[in-house]
There are 2 protein chains.
Amino acid sequence: MERILIIEDEAPMRTALADLLTAEGYRTLTAADGESGLKRALAEKPDLILLDVMMPKLDGFAVCSELRRLAHEVPVMLLTAKGQIEDRVHGLDVGADDYVIKPFSSEELLARVRALLRRVERKARALTQLKLGEIEIDLARQIATRGRQPVHLTAKEFAMLRLLAEAAGEPVSRERFLDVVWGYGAFPTTRTVDNHIASLRAKLESDPDSPRWIKTVHGVGYKLEP
Amino acid sequence: MERILIIEDEAPMRTALADLLTAEGYRTLTAADGESGLKRALAEKPDLILLDVMMPKLDGFAVCSELRRLAHEVPVMLLTAKGQIEDRVHGLDVGADDYVIKPFSSEELLARVRALLRRVERKARALTQLKLGEIEIDLARQIATRGRQPVHLTAKEFAMLRLLAEAAGEPVSRERFLDVVWGYGAFPTTRTVDNHIASLRAKLESDPDSPRWIKTVHGVGYKLEP
DNA sequence: ACCAATTTTACAAAACCATGACAACTAAAC
DNA sequence: GTTTAGTTGTCATGGTTTTGTAAAATTGGT
């Protein structure tokens with residue numbers, strides 16, 4: 001079942017939410033402040049995050065935009081207090097997927113959670129399957145096959161393919177590859193990106209010298225031809 | 001000021017919305033059912049549409065998806081009744097840009113309207129889409145296609161096209177090309193501009209010798225024929 | 001220590017761009 | 001209508017930047 005991370009500083013609310021969701025069959029994780037919540041989100045990659053807006057130090061907005069900056073796709077639902085109307089707009093600007101207003105009923109929260117999970121699940125499933133000519137790629141399972149024969153791709157190669165596929169035909173810069181695939185801490189040369197592209201082409205293209213799928217965009221990076 | 005079309009079957013709500021928005025300085029148009037609302041939307045091309053979901057005959061969802069089918073980019077905000085929680089998700093699926101839940105406060109509605117208008121305005125100002133005959137150009141994504149076939153343009157060519165397009169049919173001087181596309185530091189020959197124009201014509205015009213789109217304005221520069 | 005994956009390095013190849021020469025063209029004066 | 005001065009089209013060329021990729025070096029796990 002899906003795992004839901006609850007980031008909420010008030011203990012009673014936190015446990016109430018956890019109990020409610022657990023009773024529904026979800027697995028719950030909790031964090032009592034923004035910072036540890038953020039850390040947990042990155043480490044555990046939950047399927048959904050319930051995020052209280054009003055928290056000391058790192059508030060919900062900050063956590064949310066930080067999550068987005070780290071290119072995480074995890075759906076975020078904000079918990080806002082009544083009267084913070086402007087927060088809603090702000091919240092959606094900051095990259096949240098939905099919000100509920102306290103006080104809310106159990107039914108409403110559950111309905112929203114279900115709806116949001118369904119929404120992102122559909123989106124996610126759409127992007128797991130990828131077909132480049134006779135090669136089929138399952139990004140979720142990290143499996144690629146040509147006919148019956150398995151084609152071996154490394155983790156980095158799958159990650160790069162996913163980014164290319166998500167860009168849907170748009171060029172992806174080398175910097176973006178490094179940010180998303182490698183993360184913000186590491187700084188390999190941009191040359192490294194080229195090497196991985198080369199090996200992807202060697203594995204996926206029937207004629208790697210004039211690639212059909214992975215095109216280079218001079219001065220920018222690469223794109224996946226749809 | 002922006003024009004807002006209100007499609008709402010209940011008269012009190014309709015006039016209340018119109019009054020509120022008019023007081024804020026927006027120009028309002030109204031329609032009392034889905035069908036006439038759709039017609040009005042197509043004829044008047046408002047800047048935003050407030051659309052009640054619950055209406056007899058053609059309901060909000062139907063209007064919305066019909067609008068999208070007719071390739072309209074106009075932002076749509078749905079008005080949904082409380083308890084129709086599922087509607088929210090469905091509404092966004094159907095192509096709406098936002099929604100509010102009845103009952104809502106004036107402040108909330110106005111905040112949303114402002115936010116949505118701001119959002120689409122920013123997107124529109126970017127001037128990304130361009131169509132020259134059978135060639136479609138997305139300046140933001142740096143993608144150009146003729147039918148399904150990609151048309152390869154270089155970075156300079158995209159930059160020059162953007163300038164031409166932003167000038168909206170007005171001639172653009174060579175000096176301005178150099179200033180904007182090359183920047184104020186670099187000073188290539190004005191001849192260079194011609195070369196890039198030539199390659200743009202070679203790629204975009206069906207008969208580059210008598211160009212349909214990129215006209216030269218003798219003694220001045222070039223312009224994009226709208 | 002071994003092996004696979006990853007990163008760096010280095011050099012060759014390709015793409016892109018600027019230039020200048022000259023032909024073709026335009027506009028206006030004659 | 002011709003002439004002429006100025007403007008634009010286009011080509012070949014060479015320089016610069018960017019990319020391809022093989023091979024060597026490094027990393028990390030078992």
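In what follows, every chain begins at residue 1, and chains take the letters A, B, ... in the order their sequences are listed. Owing to the predicted nature of the structure, the values given are computational and were not obtained by experimental measurement.
- Looking at heavy-atom distances under 4.0 Å, A:V217 makes contact with sugar-phosphate atoms alone, never a base.
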Let me have a per-nucleotide readout for nucleotides 21-26 of chain D, 5' to 3', with B, S or -, counting only protein heavy atoms under 4.0 Å.
BB----

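- Straight-line distance from the CH2 atom of A:W182 to the P atom of D:dT27: 17 Å, rounded to whole Å.
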Just the atom pairs and distances: protein N or O near nucleotides 25-29 of chain C's N or O, under 3.5 Å.
none

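- Between B:Y222 and D:dT7 there is no side-chain N or O to OP1 or OP2 distance below 4.0 Å.
- No option in A:V113, A:L21, A:D47, A:T28 other than A:D47 meets the side-chain contact (heavy atoms from CB on, under 4.5 Å) test with A:E2.
- End-to-end axis angle of the helix from C:dA1-D:dT30 to C:dC30-D:dG1, from C1' rotation axes over five pairs per end: 30° (rounded to 10 degrees).
- If you check every strand for non-hydrogen atoms under 4.0 Å, A:V220 touches sugar and phosphate atoms only.
- In this entry the distance linking CD of A:E175 with C1' of D:dT19 reads 14 Å, nearest Å.
- At C:dT7, one or more side-chain N or O atoms of A:H196 fall inside 4.0 Å of OP1 or OP2 (strictly under the cut-off).
- For C:dC17, the OP1/OP2 oxygens have no side-chain nitrogen or oxygen of B:T192 closer than 4.0 Å.
- Straight-line distance from the CG atom of B:L153 to the C1' atom of C:dC16: 14 Å, rounded to whole Å.
- Counting non-hydrogen atoms under 4.0 angstrom, B:T216 reaches the backbone sugars and phosphates but no base.
- One interatomic measurement links the two molecules: CG of A:L178 to C1' of C:dT7, which rounds to 12 Å at whole-angstrom precision.
- C:dT7 atom C1' lies 17 Å from atom CZ of A:F177, rounded to whole Å.
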